[in-house]
Amino acid sequence: MYSTAYRTGRVGALRATDVGTQVTLGGWVHRSRNLGGLVFIDLRDIDGIVQVAFGTDWAAASVLAMAAAVGVESVVLVEGTVVARSDSTKNPEMGTGDIEVHATAMRVLGPAVTPAIPVARGKGEKMAAEELRLRHRHLDLRRPELQANLVLRHRLMQTTRAYLSERGYLELETPVLTKPTPEGARDYLVPSRVHPGEFYALPQSPQIYKQLFMVSGFDRYFQIARCFRDEDLRADRQPEFTQIDIEASFVSQDDILALAEGLIVSLWREAGFDIPSVFPRMTYAAAMERYGCDRPDLRYGLEIVDYTDAFREVAFNISQAAIDAGGRVRGIIVPGGAVWSRKQVDEVEALAKDAGAGGLLRLRRLDGKLDGPLAKFVDGVGAFDALPDGALMLFVAGSDRVSNPALDRARQECARRLAIVRDDDRQFVIVTDFPMFERDPATGALAAVHHPFTAALAADVAAHPDHPERWRAQAYDVVLNGTELGGGSIRTHDPVTQSHMFDLLGIGDREEQERRFGFLLEALRSGAPPHGGVAFGFDRIAMLLSGAPSLRDVIAFPKTTAARALFEQAPTRVPAADLKDLHIRSDES
RNA sequence: GGGGGCGUAGCUCAGCUUGGUUAGAGCACUGGACUGUCACUCCAGAGGCCGCGGGUUCGAGCCCCGUCGCUCCCGCCA
């Protein structure tokens, strides 16, 4: 299959059944061992590594000399015979370890200077620093680990295409030069040469385009789409990233979620993991109540419990003040946490404080007795009798706005300290019924939780027409182990409702709405079907399935955390004449 | 925008706490020896703007200030 003018095939698939065959192999010199009258070269291609032996019995002295002299990472062509290794010289750690190639001829097709960073590493040897790996990406990408990641990435892409195409979804492309969006993340802007002072933007997602496809009647669309956001980076965030973008017409939320589940199952199966075909559902409200977070990690319990009623009987200033102010007292029970030292609990508290809480109220039961600053206040309150021996309770008193993030952090930290999270556990959950809007605490302005095109639950709009902050959205997230894999919504397909949404979000007057989103509103007025969709972070999925610690390990040419490309040196200054053509003046240089 | 970590040979790292001869090690590299290795082994050698700039000091890899780069986190990411 891999036979070409130069070679008979790849090296990695050679096995004992190939013994006796004459082969010509091309690849990189991974490592070599020169024993004098016998030279070994480990020859590497994307499929694997094979040992090539050069011995005086079968190779000319000149061939032996060439093998001894060639440097690592050079590209060579070797011709020889596949030979079985004797039992004592087999290498069980190599896929090709039962055989070797006795080379009779060799050519150096691409001699290599000494590599700036090592490709072959011995056991326990560290990789080069990431900065160097990015600067010499062509070498780093030779590492079998990174090659395996990109091979898996390819297979996930093909699985996605097959899964969606089989279900009638059309892979349609949308522009990369598009219109700046006032909402959301900062846009990457592209100046127009022919229209002085005007700019395109790179898409943050193909959101509006895919809705236009629905309006046009392409009722099942998908795209493996590149998206761009000019925001600060993280290990799991790149300025350009890839989404599996899906939209369909005449669908309900359940239609989309069933499709999403099926896609995730097939992707995980492609990577070798069998997972349940239906994921548990949880409302946003339940997730916040039980986990303090809209993407809960369900690999462990430590659920948040409301103790407000119990604390009504407790004459303790902090809890009383919080309850009187309309807040609640909620907490988590940490089994075995009673033995933690004061310092250890302080460290958990520091994280909760960091998340905005004033502090953690502590109570523990040790040797049957309640203990801690709260103990004498809660003595005799029945609700605390249930606290099991050896357990620690951590409470946050205050508004949910404060206690949710604080308890979320405390819960995660306690789980980590208890070492109850299994890395090989996979707990999927679909979170539904997100709120439509959230209020900016500073300005009181409404902002879309998902995006401005999301449809509200009709029942909520009918019940509370004047309280949009009480509306729930037909929006959903797919979550795995506390990480968001993707999310989506049913969209607004009525132009009047959509315009009303813009009003609520404070997006200008009608005239300005027409200027910014007129093409969408016009489309919706032209006969739009009900539609909705979902988008998954493809890089993140590839990262999870390959076990890579960073997005940079599943993207061939990633940017640094300063959004710089170290290999090709982008971004870069450009000649002044180029700027002039674009009607741009820079205040640098 | 803010906070933490790192920056010494091609690579990975010691040395910095407590400033003081000629800055070390392993791997890689170069030369030599070696016919069953697979991180081959052995002998020898070469290799340094201690990120950059400034300051303190008789003297700075080491202390101070600034700056650049990489990285992790907060803000940000509809």
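First the proteins, then the strands, lettered A, B, ... as listed; each starts at 1.
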Might you list the N or O atoms of the protein lying below 3.5 Å from N or O atoms in nucleotides 43-45 of chain B, with each pair's distance?
none

Show me the protein contacts with nucleotides 5-10 of chain B, counting only N or O atoms at under 3.5 Å.
from  : atom 1 : to       : atom 2 : distance (Å)
B/G10 : O2'    : A/Ala116 : O      : 2.6

All N/O pairs under 3.5 Å across the protein-nucleotides 14-16 of chain B interface:
none

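For A/Glu130, taking side-chain heavy atoms from C-beta onward, the closest of the listed nucleotides B/U71, B/C38, B/C29 is B/U71. In the set B/U71, B/C77, B/U37, the nucleotide with an atom closest to the side chain of A/Arg552 is B/U71. Distances from the side chain of A/Leu35 to the nucleotides B/A39, B/U37, B/C70 place B/U37 closest. Distance from the side chain of A/Glu231 is smallest for B/C76 among the nucleotides B/C76, B/U12, B/C70. The listed nucleotides are B/C70, B/C40, B/U35; the one nearest the side chain of A/Asp57 is B/U35. Listed candidates were B/U71, B/C72, B/C38. Nearest to the side chain of A/Arg33 is B/C38. When distances are taken from the side chain of A/Arg564 to each of B/C76, B/C70, B/A39, the shortest belongs to B/C70. When distances run from any side-chain atom of A/Leu38 to the nucleotides B/C38, B/U35, B/G69, the shortest one goes to B/U35. For A/Asp232, the side-chain atoms get nearest to B/G75 when compared with the rest of B/G75, B/U35, B/C38.
Separating the C1' atom of B/G51 from that of B/G61 is a span of 12 Å, rounded to the nearest Å. Comparing the C1' positions of B/C29 and B/G19 gives a spacing of 34 Å, expressed to the nearest Å. If you take atom C1' in B/C58 and the same atom in B/U21, they sit 16 Å apart, rounded to whole Å. B/A23 and B/U30 are spaced 23 Å apart, taking the C1' atom of each and rounding to whole Å. With P as the reference atom, B/G53 and B/A60 are 14 Å apart, rounded to whole Å. Separating the P atom of B/U71 from that of B/G66 is a span of 23 Å, rounded to the nearest Å. When the C1' atom is compared between B/A9 and B/C50, the two are found 10 Å apart, to the nearest whole Å. Between the P atoms of B/G15 and B/G24, the separation comes to 15 Å (whole Å).
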For a side-chain contact (heavy atoms from CB on, under 4.5 Å) check, start with the C-alpha distance between A/Val70 and A/Met106, then their side-chain angles and the critical distance, and finish with the verdict. CA-CA 10 Å; A/Val70 70; A/Met106 170 173 168; 3.7 Å; yes
Run the side-chain contact (heavy atoms from CB on, under 4.5 Å) check on A/Glu514 and A/Arg510 step by step: do they pass? CA-CA 6 Å; A/Glu514 291 296 333; A/Arg510 291 296 161 101; 5.5 Å; no
Can you list the steps and then say if A/Thr104 with A/Val63 is a side-chain contact (heavy atoms from CB on, under 4.5 Å)? CA-CA 7 Å; A/Thr104 50; A/Val63 174; over 6 Å; no
side-chain contact (heavy atoms from CB on, under 4.5 Å), that's the test. Do A/Val348 and A/Arg417 meet it? Break it down for me. CA-CA 9 Å; A/Val348 177; A/Arg417 286 169 183 258; 3.7 Å; yes
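The shortest distance between the side-chain N/O atoms of A/Arg229 and the OP1/OP2 oxygens of B/C76 is not below 4.0 Å. For the pair A/Arg234 and B/C74, the criterion of a side-chain N or O lying under 4.0 Å from OP1 or OP2 is met.
A donor atom on one side chain and an acceptor atom on the other are not found under 3.5 Å apart for A/Ser205 and A/Gln243. A donor atom on one side chain and an acceptor atom on the other are found under 3.5 Å apart for A/Asp503 and A/Gln513.
Note on A/Val449: only backbone sugar-phosphate atoms sit closer than 4.0 angstrom, heavy atoms only; bases stay farther off. Within the nucleic acid shown, A/Lys90 comes within 4.0 Å of at least one base atom, counting heavy atoms only. If you check every strand for non-hydrogen atoms under 4.0 Å, A/Pro452 touches a base. Among the protein residues, A/Ala185 comes within range of the sugar-phosphate backbone only, with heavy atoms under 4.0 Å from sugar or phosphate atoms but none that close to a base. Within the 4.0 angstrom heavy-atom criterion, base atoms lie near A/Thr561. Residue contacts for A/Ala562: at a heavy-atom cut-off of 4.0 Å it reaches the sugar-phosphate backbone alone, with no base atom in range. In this structure, A/Arg133 reaches neither bases nor backbone, as no heavy-atom distance under 4.0 Å exists between it and the strands shown. Within 4.0 Å (heavy atoms only), A/Thr56 reaches at least one base atom of the nucleic acid. Residue A/Asn34 is in base contact, counting any heavy-atom pair closer than 4.0 Å across all strands shown. Within 4.0 Å of A/Glu100, counting heavy atoms only, lies at least one base atom of the nucleic acid. Residue A/Lys126 is classed as a sugar-phosphate contact, given heavy-atom separations below 4.0 Å to backbone atoms only. Nucleic acid contact for A/Arg186: none, since no nucleic acid atom lies under 4.0 Å from a heavy atom of the residue. The residue A/Arg85 sits close to a base: some heavy atom pair falls under 4.0 Å. Counting non-hydrogen atoms under 4.0 angstrom, A/Glu125 reaches a base of the nucleic acid.
For A/Arg295, the CZ atom counts as loosely surrounded, since its 6.0 Å shell holds 12 or fewer non-hydrogen atoms of other residues, nucleotides or ligands. The environment of CH2 in A/Trp28 is sparse: at most 12 heavy-atom neighbours from other residues, nucleotides or ligands sit within 6.0 Å. Shown here is A/Glu522, whose CD atom has no more than 12 heavy atoms of other residues, nucleotides or ligands within 6.0 Å. The number of heavy atoms from other shown groups lying within 6.0 Å of CD (A/Glu511) does not exceed 12.
Base pairing analysis places B/G75 opposite nothing; no Watson-Crick or G-U wobble pair with both distances below 3.5 Å involves it. In a base pair of the Watson-Crick type (N1 to N3 plus N6-O4 or O6-N4) or a G-U wobble (N1-O2 and O6-N3), with each distance short of 3.5 Å, B/U41 is matched with B/A33. Figure legend. B/U17 is base-paired to no nucleotide; pairs are counted as Watson-Crick or G-U wobble with both atom distances under 3.5 Å. A 3.5 Å limit on both hydrogen-bonding distances identifies B/G69 as the Watson-Crick or G-U partner of B/C6.
In this structure, A/Leu43 and A/Val78 have side chains that are in contact, with non-hydrogen atoms separated by less than 4.5 Å.
Using the six-membered ring where Trp is involved, A/Phe567 and A/His138 have ring planes that are tilted, between 30° and 60° apart. Classified by interplanar angle (parallel below 30°, tilted 30° to 60°, perpendicular above 60°), the ring pair A/Trp58/A/His102 is parallel. Between A/His451 and A/Phe453, the ring planes are tilted. Angles from 30° to 60° get that label. A perpendicular orientation is assigned to the rings of A/His531 and A/His493, their planes being inclined by more than 60° (bins at 30° and 60°).
To the nearest 0.5 Å, atom CD1 of residue A/Ile555 and atom OG1 of residue A/Thr242 are 6.5 Å apart.
For the pair A/Arg237 CZ and B/C73 P, the computed distance is 9 Å after rounding to whole Å. Between the P atom of B/C34 and the CZ atom of A/Phe40 lies a distance of 16 Å, rounded to the nearest Å.
Checked by distance alone, A/Asp42 brings no side-chain donor or acceptor within 3.5 Å of a matching partner on the base of B/C38.
Projected onto RNA chain B by closest heavy-atom contact, A/Gln207 and A/Gly71 fall at different nucleotides, the more 5' of which corresponds to A/Gly71.
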